[in-house]
*Asks:* 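Have a look at the structure that comes next, please.
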Amino acid sequence: DPQQALKYLNQFRANPKSLVPHIEEQLSRFTSSHGMQLYPGMTYNTNEGKKAWQEAIDFLKKQQPLQPMSLH
């Protein structure tokens, strides 16, 4: 549903820092520099690795709120 997607997009634009806890939780599941445990016994191997998750956190902590978008 495009309207629902736009609603969430605008929530994150208004409060970028609200994504940080979710990304931090994912970061805590890395078992190696590139492997993230999704479930016990199931590891997702990323190309970017932990560094990209940390960079996203650092960026979002500094990001200022943005104006909402509208659907046309």
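All of these numbers come straight from a predicted model, not from anything done at the bench.
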*Asks:* If you look at every heavy atom in Ala14 and Pro65, which pair is closest and at what distance?
*Replies:* O-CB, 3.3 Å
*Asks:* What pairs of donor and acceptor atoms, side-chain ones from residues 1-10 against any protein atom, are under 3.5 angstrom apart with sequence neighbours left out?
*Replies:*
residue	atom	partner	partner atom	Å
Asp1	OD1	Gln3	N	3.3
Gln4	NE2	Tyr8	OH	3.2
Asn10	OD1	Met69	N	2.6
Asn10	ND2	Leu6	O	3.4
Asn10	ND2	Met69	O	2.9

*Asks:* For residues 27-42, run the donor-acceptor check on the side chains, cut-off 3.5 Å, and write out each pair with its distance to 0.1 Å, sequence neighbours left out.
*Replies:*
residue	atom	partner	partner atom	Å
Ser28	OG	Glu25	O	2.6
Arg29	NE	Glu25	OE1	3.4
Arg29	NE	Glu25	OE2	2.9
Arg29	NH1	Gln37	O	3.4
Arg29	NH2	Glu25	OE1	3.2
Thr31	OG1	Gly35	O	3.3
Ser32	OG	Gly35	N	3.0
His34	NE2	Asn47	O	3.4
Gln37	NE2	Tyr39	O	3.3

*Asks:* Return a table of donor-acceptor pairs under 3.5 angstrom between the side chains of residues 51-64 and protein atoms on other chains or two or more places apart.
*Replies:*
residue	atom	partner	partner atom	Å
Trp53	NE1	Gln26	OE1	2.8
Gln54	NE2	Asp58	OD1	3.0

*Asks:* Can you tell me how far the NE2 atom of His22 sits from the CZ atom of Phe12, to the nearest 0.5 Å?
*Replies:* 8.0 Å
*Asks:* Do the side chain of Arg13 and the main chain of Pro68 share a donor and acceptor less than 3.5 angstrom apart?
*Replies:*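 No, because the side chain of Arg13 does not come within donor-acceptor range (under 3.5 Å) of the backbone of Pro68.
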